[in-house]
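Data first, discussion second: the structure below is written as structure tokens.
Lettering of chains follows the sequences in order, A, B, ..., and the numbering in each one begins at 1.
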Protein chains: 2
Amino acid sequence: MAAPRRTQAQRRAETRQALLEATIDCVVEHGYGNVTTAQIALRAGVTRGAQNYHFSAKTELVAAALEHLMDQLIEQVRLDPPRGTDTTERALLLLDRLWNLHDTPAFKAATEIAIASRTDTELRARLAGLNRRLIGMIRGMLDETFPELTGNEDIYPIMLTVLSAVRGVAVVGLIGSPESIESLWRIVRGQLEQLIARAVDKAVGKSASGSPRP
Amino acid sequence: MAAPRRTQAQRRAETRQALLEATIDCVVEHGYGNVTTAQIALRAGVTRGAQNYHFSAKTELVAAALEHLMDQLIEQVRLDPPRGTDTTERALLLLDRLWNLHDTPAFKAATEIAIASRTDTELRARLAGLNRRLIGMIRGMLDETFPELTGNEDIYPIMLTVLSAVRGVAVVGLIGSPESIESLWRIVRGQLEQLIARAVDKAVGKSASGSPRP
DNA sequence: TTACATACTGGCATGCCGGTATGTAAATGG
DNA sequence: CCATTTACATACCGGCATGCCAGTATGTAA
């Protein structure tokens, strides 16, 4: 119970982080439209005064929270890239990882905020760069994961299509039951798997990987 | 300026419809989170009293509006099914129609409301049946449009995948610029086209339709 | 014409939300 | 040890969305 004698930088960092994470939690739980600054402060264990000291407006807080969240996700993904000798195998690993990323509370929060940004100019401005960063990150991960495909421009359309499909399923997942989403994803995944396998076969030449015809 | 001497049923129907359509418009324009009942009433040319008489709560109004909207869309789709002798041709026509449906203000509104329903139990309950109705409608349209494929269960996975991808693109379209979405759709569409063409070829036997090899 | 039901009006009142203003404690630096 | 800055607490204000209600008009039935 003794005062831990934190340094100023520590105090600052800790309360800010608590606020950012509480913001995400509240958005996930109550939805962006229903969330209030008071709820966030309460959940963060911080008074509204402190909250306002660090983030003078709600928009600022929410935007910062989303950026913080995305930083976490990117870091988390960077730390262990998909491994495997077979190109198709790595691609499917990546597919599952992509889905897992979308099947997360974080995605719920991100979607809510993104939707809200449609009619909130401030939010929109701050989020504009995020999407660019995101696809840049994915591209980077692709190039890194598939060095043998460098320079092959055919894989980006595939990537975008797969990403779109995953997002589509994930969006339904926001409001559907977990079971129905699970089954939907299994179906869609089957199709995407074929799509990817075909593309990989075509890209690397039909010998090195893929399904050998009996 | 003389009172048109409307019957009660007419009065009722007209104000209700005005309210429902105004609701959609307002949601599209301001976003679900920012829309107020006063705005809606104003836009509908109806007083808040009348509004409250017909729809005692905001939730009820919004849910009814979305149902009304979907009825319109379904009707609109039913009225002219895609025509063409070639199976693939009809499928691609259907694909484009599906996209056009998602590239519409109505879809913006529907998405906003659906997202909102995630954390609003009342809304959620009322919208639960809508998704079932929607995919049921699409299935019906498929069976109707492709009588030659009746009984072929392979096409539903394709349908769900295509639908997911379209939704994914459409969701990005909510916050992206029209140009970027247009280009994204062109890319994804190319992939889906291949997916569909392959599936159709496989389903009907490679002779009747599809790409004749020179 | 009378009696009733349905549709609509306008305004009030409560609650709550976001932002601000002012006061207090904790850390830093001399 | 004191002064200053940084970090946080408490109390408050203006505003506004929502739902409700008492009254009015318009259509309908007896």
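- For the side chain to side chain contact (heavy atoms under 4.5 Å, CB included) test, residues two or more places apart in sequence or in another chain that qualify with B:A18 are B:A44.
- Listed pair B:T37 / D:dT18 meets the phosphate criterion, a side-chain N or O lying under 4.0 Å from OP1 or OP2.
- When each of C:dG19, C:dA27, C:dT9 is scored by its nearest atom to the side-chain atoms of A:K58, the top-ranked nucleotide is C:dG19.
- One finds no salt bridge joining A:E60 and A:R126 here, because no Lys/Arg side-chain nitrogen approaches an Asp/Glu carboxylate oxygen to under 4.0 Å.
- Not one side-chain nitrogen or oxygen of A:T47 sits closer than 4.0 Å to the OP1 or OP2 atom of D:dC8.
- Stems are defined here as 3 or more consecutive Watson-Crick or G-U wobble pairs with pairing distances under 3.5 Å; those involving DNA chain D are C:1-30 with D:1-30.
- Using a 4.0 Å cut-off between charged side-chain N and carboxylate O, A:E193 and A:R198 make no salt bridge.
- For the pair A:K58 and A:D120, the salt-bridge criterion is not met [side-chain N within less than 4.0 Å of a carboxylate O].
- The aromatic rings of B:H102 and B:F107 are tilted relative to each other, their planes meeting at an angle between 30° and 60°.
- Distance B:N52 CG to D:dT24 C1': 17 Å, rounded to the nearest Å.
- In terms of polar N and O atoms assigned as donor or acceptor, the side chain of B:R48 comes within less than 3.5 Å of the base of D:dG19 in a complementary pairing.
- The pair B:D103-B:K108 does not count as a salt bridge, with every side-chain nitrogen at least 4.0 angstrom from each carboxylate oxygen.
- Regarding contacts with the backbone of D:dG19, every side-chain N or O of B:S56 stays at 4.0 angstrom or more from both OP1 and OP2.
- Residue A:R12 has a polar side-chain atom (N or O) positioned under 4.0 Å from OP1 or OP2 of D:dA7.
- For the OP1/OP2 pair of D:dT28 and a distance below 4.0 Å, the side-chain nitrogens and oxygens of B:T7 include at least one atom meeting the criterion.
- Under 4.0 angstrom from either OP1 or OP2 of D:dA7 there lies at least one side-chain N or O belonging to A:Y53.
- Remark: A:H54 is not in phosphate contact with D:dT6, judged by side-chain N or O atoms under 4.0 Å from OP1 or OP2.
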